[in-house]
Amino acid sequence: MTQGSFATHEVFNQSPPFEDVDLFAVDQPLMAAVAANGGGQAAKELSDFGRHWGSAAMAERGRLVNENTPKLRTFDARGNRRDVVEFHPAYHELMANSAHAGLHNSTWNGEGRPAGGASEVIRAAKFYMAAQVETGHLCPITMTRASVAALATEPTLLARAMPVLSTRAYDPEFKPWWTKRGMTLGMGMTEKQGGTDVRANLTHAERDGEAYRITGHKWFMSAPMCDAFLVLAQADQGLTCFFMPRFAPDGSVNAIEFQRLKDKLGNRSNASSEVEFKGAYALRVGEEGKGVRTIIQMVQLTRQDCAIASVGLMRSGLAHALHHTRHRSVFQKHLADQPLMQAVLSDMALHVEASIALVMRLCQSFDRTPQDVQEAAYMRLMTPVVKYWTCKNAPGFLYEAMECLGGNGYVEEGILARHYREAPVNAIWEGSGNVMCLDVLRALSREAEAAAAVLQMLAEATRGLPGAQGTVGFIAKAFRRADGERLARLAVERLALLAAAAALKSVAPRQAELFASTRLASDHGGLFGAIDLAEGEMKALLERALP
Ligand SMILES: Cc1cc2nc3c(=O)[nH]c(=O)nc-3n(C[C@H](O)[C@H](O)[C@H](O)COP(=O)(O)OP(=O)(O)OC[C@H]3O[C@@H](n4cnc5c(N)ncnc54)[C@H](O)[C@@H]3O)c2cc1C
């Protein structure tokens, strides 16, 4: 097919853009996972969302915000401090679109309690689709949603904030949060001398009447134009969580000074700052000395979103790879019809199908936690497992997806180069890989009975699947070993595979068989496509992944 004409040659055999698609309707594994986890009634709403976010206009916004990155304006022309970050207009449009869809708050009711129903699953499906288009702006979106869980420890503050936090308006104006139509929240934990080990924080808080004054720094504080931040600092009784607004109650700009923005591998549309607090006004959230316990409520939710976004990135890589290889011919045959390419793509499709089933199962446990202790145990144990497995897999997966597009995949004009650079951050922030494994060990030792019940539930759910029994035995034994920490990555990975097989079984039993037979029963090669699937099975997987 002729696509264009130059003086020297015709352009042909290039794939058309993968745009103006309904990201929900073309994703059967997503539709099935949403329905199996209680979100089926939202199919129309999700399809509307998928069509909008799958449009060429939204893809263009994604490109623009990553090419026109945020700028820190530290001072004005007369040398006064400004401490504002300027974004491309497309960034504000993306933020407005996400806020309008409730990505920053739809799992809460107006009082800041869980919205109930399948609100987690439905929001996750939207978050997953949005991540396929532009991931950087989702940082303040996810932090805003998650902050409510920590603010819940301070009911008076929560009651004041919810009327602004619960609107679907995006208000980028730099003014006090209580005067705004909508607000966003960020988080400041990491300091130069320690990120994982937040107990090493040196930033300190001094009482000032009902409030506190915070002095110190944060080495990473993303989305600096948020209206307030949840910040950790040392108070008299130890590490404590604080609510630090951009404006003090008298309307003056709070003593928060941004030093510079990070120059990052990916995540370029999102600003990440280094910041100094010079006696900044803040309110305590939770008890003094209980900072980690308070902020972990928030971090649990940001970890969930890291997993959702990572699977969204992989899905986008798969969809682009499938789309391209169906249009591109090599040796007179479409790439998608070449047996070796089919092995690669079908293996990738199986991986994404299992990943989305697992993520949606995790989100269902968030939905059910308030009424069901077993689901609460699943959520507690599996959040770090799912974050570990999905986030660590994404960079390698995207590299493979990129290669399916050949040289075009490596070029910045395509979305896959951006996805590839974006992917590692989800594994690093909100608790890096090893930290997730240690967190699983912590859950197993502190809540041993509940964790054992989850393992038992997974054993029952995977009964009869190839390799499941052996995997259950291996996990149980590995976690009992005195030197369990050394084995933690292996055990957590096996647990993720088992849980993915279980989740997939309730969505798509045949795919669960394939997943178990290639991941639990036999050794899968180290790379995608190093797998032995029948031709009919491969075709069915590919058709299901993208019609
Ligand atoms: C783009 C970006 C944005 C960010 N935004 C924010 C933000 O908004 N707010 C914020 O507070 N932070 C933010 N961070 C910081 C991020 O959360 C930290 O970088 C992360 O938690 C790791 O901390 P660290 O960099 O101090 O690494 P370290 O704590 O030094 O860890 C280094 C490595 O050691 C591993 N490790 C740690 N402890 C152990 C152990 N006991 N055993 C084995 N291995 C271990 C970790 O898994 C990690 O891989 C951001 C980071 C990035 C890259």
Side-chain angles (χ1 to χ4, degrees), residues 66 69-70 72 85 135-147 150 184-203 214 216-233 239 241-242 244 246 256 258-277 291-292 294-296 298-303 305-306 309-310 384 387-388 391-392 394-395 418 421-442 445 483-492:
N66 283 280
T69 52
L72 175 62
V85 179
T135 322
H137 84 284
L138 293 175
C139 174
I141 294 288
T142 187
M143 290 194 293
T144 303
R145 196 272 296 212
S147 64
T184 51
L185 271 97
M187 142 169 60
M189 297 191 288
T190 309
E191 298 186 5
K192 287 174 184 157
Q193 69 285 358
T196 303
D197 184 7
V198 289
R199 291 191 188 277
N201 272 195
L202 294 172
T203 296
I214 312 271
H217 82 281
K218 293 293 163 186
W219 181 227
F220 280 92
M221 196 167 85
S222 286
M225 289 315 288
C226 283
D227 297 290
F229 303 89
L230 293 186
V231 167
L232 289 182
L239 198 65
C241 180
F242 293 94
M244 183 189 284
R246 285 301 310 272
I256 301 173
F258 299 116
Q259 306 298 294
R260 57 177 178 168
L261 299 184
K262 301 283 191 190
D263 184 7
K264 297 174 286 183
L265 167 70
N267 194 248
R268 299 185 73 83
S269 64
N270 181 35
S272 299
S273 71
E274 295 165 17
V275 63
E276 301 240 322
F277 307 135
V292 173
T294 305
I295 212 152
I296 206 75
M298 173 177 187
V299 173
Q300 179 87 341
L301 296 178
T302 54
R303 287 177 179 168
D305 279 358
C306 288
S310 292
K387 188 204 184 253
Y388 175 78
C391 299
K392 300 287 287 179
R418 188 198 331 147
R421 286 187 287 94
E422 181 74 27
V425 77
N426 282 316
I428 292 174
W429 60 16
E430 312 308 321
S432 313
N434 288 351
V435 176
M436 290 301 90
C437 293
L438 294 172
D439 194 40
V440 174
L441 295 181
R442 197 172 304 120
S445 71
D483 62 347
E485 193 171 317
R486 262 193 327 103
L487 262 191
R489 277 196 176 216
L490 186 56
V492 169

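Source: prediction; values computed, not measured. Just so you know, these numbers use all the heavy atoms, side chains as well, and skip hydrogens, waters and symmetry mates. Both ligands and their constituent atoms are indexed starting at 1 by order of listing.
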NZ or CZ of Lys262 within 45° of Phe220 ring axis and under 6.0 Å:
yes

Return a yes/no value for Ser222: is any of its N or O atoms, backbone included, closer than 3.5 angstrom to an N or O of ligand 1?
yes

Smallest heavy-atom separation, Arg145 atom then Asp305 atom, equals NH2-OD1, 3.4 Å

Does the protein place a non-hydrogen atom closer than 4.0 angstrom to atom 32 (C) of ligand 1?
no

Protein contact for atom 23 (O) of ligand 1 (heavy atom, distance under 4.0 Å)
yes

Would you mind checking which non-hydrogen protein atom is closest to atom 51 (C) of ligand 1, with the distance to 0.1 Å?
Phe220 CD2, 3.4 Å

Have a look at Asn434, Thr302, Thr196 and point out the one with the heavy atom closest to atom 38 (N) of ligand 1.
Thr196

Nearest protein heavy atom with distance in Å, relative to atom 17 (O) of ligand 1
Thr190 OG1, 3.7 Å

For atom 42 (N) of ligand 1, tell me which residue out of Ile295, Leu438, Val425, Val299 has the closest non-hydrogen atom.
Leu438

Among Leu261, Val275, Ile256, which one satisfies side-chain contact (heavy atoms from CB on, under 4.5 Å) with Pro224?
Leu261

Considering non-hydrogen atoms of the protein only, which is the closest contact for atom 11 (O) of ligand 1, and what is the distance?
Met189 N, 2.7 Å

Between Lys218 and Thr190, does the side-chain hydrogen bond (donor to acceptor under 3.5 Å, both in side chains) criterion hold? Intermediate values first, please.
CA-CA 6 Å; Lys218 293 293 163 186; Thr190 309; over 6 Å; no

Are Gly186 and ligand 1 in contact, using a heavy-atom cut-off of under 4.0 Å?
no

Does CZ in Arg442 sit with more than 12 non-hydrogen atoms of other residues, nucleotides or ligands closer than 6.0 Å?
yes

Enumerated ligand 1 atoms positioned under 4.0 Å from heavy atoms of Met187
7 (C), 8 (O), 9 (N), 10 (C), 11 (O)

Please work out whether any backbone atom (N, CA, C, O) or any side-chain heavy atom from C-beta onward of Lys264 is under 4.0 Å from ligand 1, and answer side chain, backbone, both or neither.
side chain

With heavy atoms of Ile428 as the reference, note each atom of ligand 1 found under 4.0 Å away.
20 (C)

Backbone N or O of Thr144 within a donor-acceptor pair of the Ser147 side chain at under 3.5 Å?
yes

Shortest non-hydrogen contact between Trp429 and Ser222, atoms and distance
CZ3-OG, 4.3 Å

Would the distance check show the side chain of Glu422 and the main-chain N or O of Asn267 forming a donor-acceptor pair, the cut-off being under 3.5 Å?
yes

Closest heavy-atom pair and its distance - Lys387, Ala427:
NZ-O, 3.3 Å

Could you tell me the residue and atom name of the protein heavy atom closest to atom 46 (C) of ligand 1, and the distance to it rounded to 0.1 Å?
Ser432 CB, 3.8 Å

Within the 3.5 Å criterion, strictly below it, is a donor on Gln259 or Ser273 matched to an acceptor on the partner's side chain?
no

Is it true that a side-chain atom of Arg303 and a backbone atom of Glu430 form a donor plus acceptor pair closer than 3.5 Å?
yes

Identify the protein heavy atom lying closest to atom 26 (O) of ligand 1, giving its residue, its atom name and the separation to 0.1 Å.
Gly195 N, 2.8 Å

Which is it for Ser272 and ligand 1 at heavy atoms under 4.0 Å: side chain, backbone, both or neither?
side chain

If you measure every N or O of Met221 against every N or O of ligand 1, does any of those distances drop under 3.5 Å?
no

Say whether Gly194, considering both its backbone and side-chain N or O atoms, lies within less than 3.5 Å of an N or O atom on ligand 1.
no

Does Trp429, backbone or side chain, put an N or O under 3.5 Å from an N or O of ligand 1?
no

